[in-house]
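Computed from a predicted structure; not experimentally measured.
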Amino acid sequence: MEKKIAEELMKEVLVLNAQINVIIDKSEQISSEPERREMRRHIAQVMAASDEHLFRPILRQYPELEPHW
């Protein structure tokens with residue numbers, strides 16, 4: 001992958017992660033504990049897939065793109 005594309009994708013992945021955090025916060029408002037737990041499980045799956053298939057592959061090729069929190 002070209003570095004310019006990797007940089008653009010990394011920016012979007014970081015935006016995605018920020019949006020997932022908003023979703024996590026909203027899901028905490030679900031009053032039913034079983035529904036809230038299920039929602040958190042689905043969110044965790046999305047986070048894991050994003051990390052494994054987007055974030056980590058970019059960093060393997062371009063480790064210098066790792067964000068500095």
Side-chain angles (χ1 to χ4, degrees):
M1 166 185 344
E2 298 82 0
K3 187 169 184 179
K4 176 133 177 62
I5 298 295
E7 290 170 338
E8 292 172 7
L9 283 171
M10 182 59 79
K11 287 179 187 175
E12 296 303 328
V13 169
L14 295 176
V15 169
L16 174 63
N17 287 344
Q19 190 59 45
I20 289 172
N21 286 331
V22 171
I23 293 168
I24 290 168
D25 289 343
K26 297 283 183 187
S27 73
E28 291 302 315
Q29 298 174 21
I30 298 171
S31 60
S32 166
E33 177 62 28
E35 287 178 324
R36 190 169 56 253
R37 197 174 324 118
E38 182 177 359
M39 182 63 68
R40 284 193 303 241
R41 183 173 54 82
H42 292 306
I43 294 167
Q45 291 170 342
V46 170
M47 291 172 67
S50 171
D51 184 66
E52 180 180 350
H53 300 293
L54 299 171
F55 190 74
R56 297 293 163 196
I58 292 169
L59 290 182
R60 274 194 294 279
Q61 192 168 0
Y62 298 104
E64 68 274 15
L65 295 181
E66 182 161 3
H68 301 285
W69 315 103

Student: Taking only residues two or more places apart in sequence or in another chain, which ones pass salt bridge (charged side-chain N to carboxylate O under 4.0 Å, His left out) with Glu64?
Tutor: Lys3
Student: Please evaluate residues His42 and Gln45 with respect to the criterion side chain to side chain contact (heavy atoms under 4.5 Å, CB included), reporting the C-alpha separation (whole Å), side-chain torsions for both, the decisive distance (0.1 Å), and the verdict.
Tutor: CA-CA 5 Å; His42 292 306; Gln45 291 170 342; 3.5 Å; yes
Student: Between side-chain atoms of residues 52-60 and protein atoms elsewhere (two or more places apart, or another chain), which donor-acceptor pairs fall under 3.5 Å?
Tutor:
residue: Arg56; atom: NE; partner: Asp51; partner atom: OD1; Å: 3.2

Student: Under 3.5 Å, side-chain donor or acceptor atoms of residues 6-31 against the rest of the protein: list the pairs with distances, not counting sequence neighbours.
Tutor:
residue: Glu8; atom: OE2; partner: Lys4; partner atom: NZ; Å: 2.9
residue: Asn21; atom: ND2; partner: Asn17; partner atom: O; Å: 3.4
residue: Ser27; atom: OG; partner: Ile24; partner atom: O; Å: 2.7

Student: Partners of Gln61 by side-chain contact (heavy atoms from CB on, under 4.5 Å), sequence neighbours excluded?
Tutor: Met1
